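Excluded from the calculations below are hydrogen atoms, water molecules and symmetry mates; all remaining heavy atoms, backbone and side chain alike, are included. Remember, predicted model here, so these are calculated numbers, not experimental data. Sequential numbering from 1 along the given sequence is applied to the chain's residues.
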Amino acid sequence: WITKLEPTFTQVWLVQAWNMAYNISVKFTDPADRWRWVQRGIELLRDDAIRYNPKDAMIYRELAWFFQHKMGQDLDDAHRYYKTAWAREMTQAFGGPRPDYAELLHPTTDDARRRVELLRTRYKMDPQFMNEVDAQYGPLEWRLPEAHAIYWASVGLKQASRTNLVFLRRAIYQ
(Lines give C-alpha, C1' and ligand atoms only; values in the text may rest on other atoms or scores of the structure.)
Protein backbone atom coordinates (compact mmCIF):
# COMPACT_ATOMS: atom_id res chain seq x y z
CA TRP A 1 0.00 0.00 0.00
CA ILE A 2 2.77 2.42 0.81
CA THR A 3 4.15 2.17 -2.74
CA LYS A 4 0.72 3.22 -4.00
CA LEU A 5 0.39 6.05 -1.48
CA GLU A 6 3.95 7.35 -1.80
CA PRO A 7 5.27 6.16 -5.18
CA THR A 8 8.17 8.65 -5.18
CA PHE A 9 9.49 7.50 -1.77
CA THR A 10 12.43 5.43 -2.98
CA GLN A 11 13.23 3.60 0.23
CA VAL A 12 9.85 1.88 0.22
CA TRP A 13 10.53 0.35 -3.21
CA LEU A 14 14.00 -0.77 -2.17
CA VAL A 15 12.81 -2.41 1.05
CA GLN A 16 9.86 -4.15 -0.59
CA ALA A 17 11.95 -5.50 -3.47
CA TRP A 18 14.69 -6.64 -1.08
CA ASN A 19 12.12 -8.35 1.11
CA MET A 20 10.74 -10.28 -1.88
CA ALA A 21 14.07 -11.29 -3.41
CA TYR A 22 16.04 -11.95 -0.24
CA ASN A 23 13.73 -12.58 2.71
CA ILE A 24 10.61 -14.18 1.27
CA SER A 25 12.39 -16.23 -1.39
CA VAL A 26 14.55 -18.13 1.11
CA LYS A 27 11.48 -19.29 3.04
CA PHE A 28 10.74 -21.74 0.22
CA THR A 29 12.56 -24.98 -0.43
CA ASP A 30 11.54 -25.41 -4.07
CA PRO A 31 13.90 -23.43 -6.35
CA ALA A 32 11.02 -22.55 -8.72
CA ASP A 33 9.15 -20.89 -5.84
CA ARG A 34 12.27 -19.07 -4.77
CA TRP A 35 12.89 -17.91 -8.34
CA ARG A 36 9.36 -16.54 -8.55
CA TRP A 37 10.04 -14.25 -5.56
CA VAL A 38 13.41 -13.12 -6.90
CA GLN A 39 11.68 -12.28 -10.17
CA ARG A 40 8.98 -10.32 -8.32
CA GLY A 41 11.63 -8.24 -6.55
CA ILE A 42 13.31 -7.47 -9.86
CA GLU A 43 10.00 -6.67 -11.52
CA LEU A 44 8.97 -4.36 -8.69
CA LEU A 45 12.08 -2.26 -9.21
CA ARG A 46 12.30 -2.51 -13.00
CA ASP A 47 8.62 -2.22 -13.88
CA ASP A 48 7.23 0.03 -11.18
CA ALA A 49 9.86 1.83 -9.10
CA ILE A 50 11.74 3.14 -12.14
CA ARG A 51 8.49 4.30 -13.73
CA TYR A 52 7.79 6.52 -10.71
CA ASN A 53 11.43 7.41 -9.96
CA PRO A 54 13.32 7.44 -13.28
CA LYS A 55 16.09 9.69 -11.99
CA ASP A 56 16.84 7.87 -8.73
CA ALA A 57 20.26 6.22 -8.92
CA MET A 58 19.63 3.97 -5.93
CA ILE A 59 16.82 2.11 -7.71
CA TYR A 60 19.11 1.31 -10.66
CA ARG A 61 21.88 0.35 -8.27
CA GLU A 62 19.61 -2.04 -6.36
CA LEU A 63 18.33 -3.59 -9.57
CA ALA A 64 21.91 -4.11 -10.75
CA TRP A 65 22.76 -5.59 -7.34
CA PHE A 66 19.95 -8.15 -7.58
CA PHE A 67 21.36 -9.38 -10.89
CA GLN A 68 24.94 -9.22 -9.71
CA HIS A 69 24.56 -10.63 -6.23
CA LYS A 70 21.31 -12.56 -5.85
CA MET A 71 21.46 -14.23 -9.25
CA GLY A 72 25.13 -13.93 -10.19
CA GLN A 73 26.82 -15.06 -7.00
CA ASP A 74 26.61 -18.45 -5.35
CA LEU A 75 25.39 -17.32 -1.92
CA ASP A 76 21.81 -18.51 -2.45
CA ASP A 77 21.29 -22.26 -2.52
CA ALA A 78 19.12 -21.89 -5.63
CA HIS A 79 21.58 -19.73 -7.60
CA ARG A 80 22.07 -22.37 -10.29
CA TYR A 81 18.32 -22.55 -10.84
CA TYR A 82 18.14 -18.75 -11.15
CA LYS A 83 20.99 -18.67 -13.66
CA THR A 84 19.50 -21.49 -15.72
CA ALA A 85 16.02 -19.95 -15.74
CA TRP A 86 17.43 -16.54 -16.69
CA ALA A 87 19.60 -18.00 -19.47
CA ARG A 88 16.57 -19.82 -20.85
CA GLU A 89 14.50 -16.61 -20.85
CA MET A 90 17.25 -14.60 -22.52
CA THR A 91 17.90 -17.26 -25.15
CA GLN A 92 14.21 -17.12 -26.01
CA ALA A 93 14.23 -13.32 -26.09
CA PHE A 94 17.29 -13.21 -28.37
CA GLY A 95 16.31 -16.16 -30.55
CA GLY A 96 19.66 -17.76 -29.81
CA PRO A 97 22.65 -17.50 -27.51
CA ARG A 98 23.61 -13.95 -28.52
CA PRO A 99 21.61 -10.91 -29.56
CA ASP A 100 21.61 -10.21 -33.28
CA TYR A 101 21.66 -6.44 -33.00
CA ALA A 102 21.12 -5.87 -36.72
CA GLU A 103 17.89 -7.88 -36.50
CA LEU A 104 16.84 -6.36 -33.16
CA LEU A 105 17.44 -2.79 -34.34
CA HIS A 106 15.78 -3.31 -37.73
CA PRO A 107 13.51 -6.35 -37.43
CA THR A 108 12.51 -7.85 -40.76
CA THR A 109 10.52 -10.88 -39.60
CA ASP A 110 7.53 -11.37 -37.34
CA ASP A 111 9.69 -13.41 -34.97
CA ALA A 112 12.24 -10.60 -34.69
CA ARG A 113 9.50 -8.03 -34.08
CA ARG A 114 8.04 -10.30 -31.39
CA ARG A 115 11.45 -10.58 -29.69
CA VAL A 116 11.98 -6.80 -29.79
CA GLU A 117 8.54 -6.32 -28.27
CA LEU A 118 9.36 -8.88 -25.58
CA LEU A 119 12.60 -7.11 -24.71
CA ARG A 120 10.91 -3.72 -24.57
CA THR A 121 7.69 -4.62 -22.76
CA ARG A 122 8.54 -7.51 -20.46
CA TYR A 123 12.20 -6.85 -19.72
CA LYS A 124 12.12 -3.05 -20.22
CA MET A 125 15.31 -3.22 -22.27
CA ASP A 126 16.21 -1.09 -25.27
CA PRO A 127 18.08 -3.06 -27.98
CA GLN A 128 19.87 0.11 -29.14
CA PHE A 129 21.17 0.80 -25.63
CA MET A 130 22.06 -2.89 -25.20
CA ASN A 131 24.19 -2.56 -28.32
CA GLU A 132 25.90 0.54 -26.91
CA VAL A 133 26.57 -1.17 -23.57
CA ASP A 134 27.87 -4.25 -25.37
CA ALA A 135 30.21 -2.10 -27.48
CA GLN A 136 31.50 -0.21 -24.44
CA TYR A 137 31.92 -3.07 -21.95
CA GLY A 138 31.69 -6.23 -24.01
CA PRO A 139 31.21 -8.39 -25.74
CA LEU A 140 28.81 -9.36 -22.97
CA GLU A 141 27.24 -12.74 -22.43
CA TRP A 142 23.63 -11.57 -22.16
CA ARG A 143 22.39 -14.90 -20.84
CA LEU A 144 24.32 -14.24 -17.63
CA PRO A 145 22.92 -11.99 -14.89
CA GLU A 146 26.14 -9.97 -14.68
CA ALA A 147 25.51 -8.52 -18.15
CA HIS A 148 22.15 -7.27 -16.93
CA ALA A 149 23.76 -5.75 -13.85
CA ILE A 150 26.02 -3.79 -16.19
CA TYR A 151 23.05 -2.85 -18.38
CA TRP A 152 20.92 -1.50 -15.51
CA ALA A 153 23.82 0.34 -13.90
CA SER A 154 24.53 1.91 -17.30
CA VAL A 155 20.88 2.91 -17.71
CA GLY A 156 21.11 4.49 -14.27
CA LEU A 157 24.24 6.45 -15.22
CA LYS A 158 22.40 7.79 -18.26
CA GLN A 159 19.03 8.50 -16.61
CA ALA A 160 19.70 9.30 -12.96
CA SER A 161 20.36 12.64 -11.40
CA ARG A 162 23.98 13.35 -10.59
CA THR A 163 23.86 11.98 -7.03
CA ASN A 164 24.99 8.51 -5.94
CA LEU A 165 26.52 7.71 -9.31
CA VAL A 166 29.55 6.12 -7.67
CA PHE A 167 27.33 3.17 -6.70
CA LEU A 168 26.37 2.65 -10.33
CA ARG A 169 29.97 2.83 -11.54
CA ARG A 170 30.93 0.32 -8.87
CA ALA A 171 28.18 -2.06 -10.08
CA ILE A 172 29.63 -1.91 -13.60
CA TYR A 173 33.22 -2.53 -12.62
CA GLN A 174 32.67 -5.19 -9.97
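Between the side chain of Arg61 and the backbone N or O of Val166, no donor-acceptor pair lies under 3.5 Å. A donor-acceptor contact shorter than 3.5 Å is absent between the side chain of Lys83 and the backbone of Leu144. Remark: the backbone N or O of Ala21 is paired with a side-chain donor or acceptor of Lys70 at under 3.5 angstrom.
Scanning all heavy atoms of the two residues, the minimum distance from Pro54 to Gln159 falls at O-CB, 3.6 Å. Minimum heavy-atom separation, Ala153 to Ile172: CB-CG1, 3.5 Å. Contact detail for Ala17 and Gly41: the closest heavy-atom pair is CB-O, 3.5 Å. Considering every non-hydrogen atom in both Asp134 and Leu140, the closest pair reads OD1-N, 2.6 Å. The shortest non-hydrogen separation linking Glu103 to Ala112 is OE2-CB, 3.0 Å. Nearest heavy atom pair, residue Tyr101 against residue Met130, reads OH-O, 3.7 Å.
Between Tyr60 and Trp152, the ring-plane angle classifies as parallel under the 30° and 60° cut-offs. Aromatic ring pairs are classed by plane angle as parallel below 30°, tilted from 30° to 60° and perpendicular above 60°; the pair Trp37 and Phe28 is parallel. The aromatic rings of Tyr52 and Trp13 sit parallel, their planes meeting at an angle under 30°, below the 60° perpendicular limit.
Two residues are said to be in side-chain contact when any heavy atoms from C-beta on lie closer than 4.5 Å; Tyr173 and Tyr137 meet this criterion. Taking the side chain as every heavy atom from C-beta outward, Pro99 and Met90 never approach each other to under 4.5 Å.
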Candidate pair Trp142 and Arg98, rule side-chain contact (heavy atoms from CB on, under 4.5 Å), full reasoning: CA-CA 7 Å; Trp142 288 95; Arg98 180 142 176 78; 3.9 Å; yes
Trace of the side-chain contact (heavy atoms from CB on, under 4.5 Å) decision for Arg36 with Asp33: CA-CA 5 Å; Arg36 209 169 2 270; Asp33 290 331; 2.2 Å; yes
Candidate pair Met125 and His148, rule side-chain contact (heavy atoms from CB on, under 4.5 Å), full reasoning: CA-CA 10 Å; Met125 297 177 73; His148 295 270; 3.5 Å; yes
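In this structure, Arg169 CZ and Leu157 CG are separated by 6.0 Å, a value rounded to the nearest 0.5 Å. From Arg143, atom CZ reaches atom OG1 of Thr84 across 11.5 Å, with rounding to the nearest 0.5 Å. Expressed to the nearest 0.5 Å, how far CD of Glu132 lies from OG of Ser154 amounts to 10.0 Å. Atoms CD1 and CD, on Ile50 and Glu62 in that order, are 11.5 Å from each other to the nearest 0.5 Å. The CG atom of Leu14 lies 7.0 Å from the CG atom of Asp56; values are rounded to the nearest 0.5 Å. Interatomic distance, CG of Leu45 versus CH2 of Trp18, reported as 11.0 Å (0.5 Å rounding).
Scanning for ring pair (Phe, Tyr, Trp, His ring centres under 6.0 Å) contacts around Tyr123 gives Trp86, with sequence neighbours left out. Scored by the side chain to side chain contact (heavy atoms under 4.5 Å, CB included) test, His69 finds Tyr22, Trp65, Gln73, Leu75 as partners (sequence neighbours excluded). Partners of Ala57 according to the side chain to side chain contact (heavy atoms under 4.5 Å, CB included) rule, which considers only residues two or more places apart in sequence or in another chain, are Ala160, Asn164, Leu165, Leu168.
In the hydrophobic clustering of this structure, Val26 does not group with Phe67; members are Ile, Leu, Val, Met, Phe, Trp, Tyr whose side-chain heavy atoms approach within less than 4.5 Å, directly or through other members. Under the 4.5 Å side-chain heavy-atom criterion for grouping Ile, Leu, Val, Met, Phe, Trp and Tyr, Phe129 is connected to Leu119 within one hydrophobic cluster. Connection of Val133 to Leu105 is established within a shared hydrophobic cluster, with ILVMFWY side chains joined at heavy-atom distances below 4.5 Å, either directly or through further cluster members. Taken together through direct or relayed side-chain contacts under 4.5 Å among Ile, Leu, Val, Met, Phe, Trp and Tyr, Val12 and Met20 form parts of separate hydrophobic clusters.
Salt bridge status for Asp111 with Arg115: present, with a side-chain N to carboxylate O gap under 4.0 Å. The pair Glu43-Arg40 meets the salt-bridge criterion, with a side-chain N (NZ, NE, NH1 or NH2) lying under 4.0 Å from an Asp/Glu carboxylate O.
Within a 6.0 Å radius of CZ in Arg80, other residues, nucleotides and ligands contribute 12 heavy atoms or fewer.
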